[in-house]
Engineer: 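I have a structure I would like to understand better, so I am pasting it below and will then ask my questions one at a time.
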Amino acid sequence: LEGKCLVVCDSSPSADGAITSSLGISVRSGSAKVAFSATRSTNHEPSEMSNRTMTIYFDQVLVNIGNHFDLTSSIFVAPRKGIYSFSFHVVKVYNRQTIQVSLMQNGYPVISAFAGDQDVTREAASNGVLLHMEREDKVHLKLERGNLMGGWKYSTFSGFLVFPL
C-alpha cells in the first residue's frame, strides 16, 4: 500500500466538538460551536467601580457554548482563528447625559455606539461587527463615558463564531 492511506473510524462526538476514536486519538472539528450572550442586571456607574479600565462587567450568562466568555472578567477569548460576529446593546440611565461604549479587541477600540439626546432618559445605543480574530484574541466592552442602565437586563453583549479560518 505504498503511497496509500487507509483510515478506519470508529468514533463518537464529544460535547466540546472533538471526535475521539476508539484508539484514544482526539481530533477537534473545525466547525465546533462557539457562542455567548451575557446580560447586566444592575446599573453600571463608574463612580461605584473599583475598575479603572472601565470594562463593562456582566453578571449573567444566557448562553456560553464552548465556555470562551469569562463572566468574572467579562472578556471573550477566541478559541481559534476565524470570523466572529459581535453585538451589544446598552441603555443610558439619566437624561442630560451622554453614553459611549466601545467594543475592544486586544485593548484597541474597533467600533463604538453613542447615545446623547439630552432630553431623553432611556436612550439606547447598539452596534455590531464581524471581526477577523486570531486564536487567543480578546474582546470586551469598555464604557467610554456615562452610566448604563442594568435593571431588567437592558445591557447585553453577544458573540459567536461565524466560521473558522
Side-chain angles (χ1 to χ4, degrees), residues 9 11-21 24-46 49-92 98-116 123-150 152-165:
C9 293
S11 60
S12 58
S14 67
D16 69 353
I19 305 275
T20 303
S21 74
I25 300 169
S26 179
V27 178
R28 179 166 299 281
S29 168
S31 63
K33 295 173 177 58
V34 177
F36 77 92
S37 189
T39 65
R40 184 170 174 83
S41 62
T42 60
N43 289 352
H44 192 273
E45 303 194 31
M49 295 169 49
S50 61
N51 162 26
R52 299 222 185 263
T53 66
M54 301 302 282
T55 298
I56 299 173
Y57 290 100
F58 295 87
D59 54 16
Q60 183 179 12
V61 172
L62 303 175
V63 172
N64 197 5
I65 298 171
N67 293 313
H68 300 290
F69 180 77
D70 178 41
L71 187 62
T72 304
S73 67
S74 291
I75 294 174
F76 171 80
V77 180
R80 64 182 50 87
K81 181 178 180 178
I83 302 299
Y84 291 80
S85 175
F86 295 97
S87 63
F88 62 91
H89 180 85
V90 294
V91 177
K92 72 179 189 177
T98 297
I99 60 168
Q100 181 180 349
V101 171
S102 295
L103 183 133
M104 309 293 286
Q105 181 179 11
N106 298 325
Y108 295 97
V110 177
I111 58 170
S112 293
F114 176 88
E123 188 178 13
S126 299
N127 210 340
V129 68
L130 289 175
L131 291 179
H132 178 273
M133 296 182 70
E134 298 293 330
R135 186 175 183 275
E136 302 296 322
D137 277 1
K138 294 175 174 58
V139 171
H140 71 279
L141 295 183
K142 178 181 180 184
L143 182 62
E144 302 284 2
R145 66 175 108 157
N147 302 292
L148 301 183
M149 186 168 189
W152 296 103
K153 302 173 186 164
Y154 291 115
S155 297
T156 62
F157 180 31
S158 301
F160 61 91
L161 173 65
V162 178
F163 56 84
L165 294 175

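Sequential numbering from 1 along the given sequence is applied to the chain's residues.
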Engineer: Considering only heavy atoms from C-beta outward, does the side chain of Leu71 approach that of Asp59 to under 4.5 Å?
Structural biologist: no
Engineer: Report the distance from atom CD of Gln100 to atom NZ of Lys142, rounding to the nearest 0.5 Å.
Structural biologist: 9.5 Å
Engineer: What heavy-atom pair brings Pro79 and His68 nearest, and what distance separates the two atoms?
Structural biologist: CB-CE1, 3.2 Å
Engineer: Tell me, do Tyr57 and His140 make a side-chain contact under 4.5 Å, heavy atoms counted?
Structural biologist: no
Engineer: Decide yes or no on side-chain contact (heavy atoms from CB on, under 4.5 Å) for Leu131 and Gln105, but give the supporting numbers first.
Structural biologist: CA-CA 9 Å; Leu131 291 179; Gln105 181 179 11; 3.7 Å; yes
Engineer: Any donor-acceptor pair under 3.5 Å linking the side chain of Asp137 with the backbone of Ala78?
Structural biologist: no
Engineer: How long is the gap from NZ on Lys33 to CZ on Phe160, to the nearest 0.5 Å?
Structural biologist: 13.0 Å
Engineer: Using side-chain heavy atoms (C-beta onward) and a distance below 4.5 Å, is Met133 in contact with Phe86?
Structural biologist: yes
Engineer: Keeping the roles fixed (side chain from Asp70, backbone from Ile75), state whether a donor-acceptor pair exists under 3.5 Å.
Structural biologist: no
Engineer: I want to check something: taking the side chain as every heavy atom from C-beta on, are Val139 and Leu103 in contact at a cut-off of under 4.5 Å?
Structural biologist: yes
Engineer: Rounded to the nearest 0.5 Å, how far apart are OG1 of Thr39 and CD of Gln60?
Structural biologist: 4.0 Å
Engineer: Hey, which of Phe36, Phe88, Phe69 is the one that makes ring pair (Phe, Tyr, Trp, His ring centres under 6.0 Å) with Phe76?
Structural biologist: Phe36
Engineer: Is there side-chain contact between Val90 and Arg40, with at least one heavy-atom pair below 4.5 Å?
Structural biologist: no
Engineer: Taking all atoms of both residues into account, what is the closest heavy-atom pair of Ala124 and Ala115, and its distance?
Structural biologist: O-CB, 3.9 Å
Engineer: CD of Glu144 to OG1 of Thr98: how many Å apart, nearest 0.5 Å?
Structural biologist: 13.0 Å
Engineer: Flag the pair Ile111 / Ser102 as yes when at least one side-chain heavy-atom distance between them is below 4.5 Å, and no otherwise.
Structural biologist: no
Engineer: Are the side chains of Arg80 and Val34 in touch, meaning some heavy atoms are under 4.5 Å apart?
Structural biologist: yes
Engineer: Hey, what do you get for CZ (Phe163) to CG (Leu165), rounding to the nearest 0.5 Å?
Structural biologist: 5.5 Å
Engineer: Can a donor-acceptor pair be found, under 3.5 Å and without considering hydrogens, that links the side chain of Ser74 to the backbone of Phe58?
Structural biologist: yes
Engineer: With a 4.5 Å heavy-atom cut-off, do Leu141 and Thr55 have their side chains touching?
Structural biologist: no
Engineer: Shortest non-hydrogen contact from Ile99 to Ala125?
Structural biologist: CD1-CB, 4.4 Å
Engineer: Distance check, rounded to the nearest 0.5 Å: Ser155 atom OG versus Ile56 atom CD1?
Structural biologist: 7.0 Å
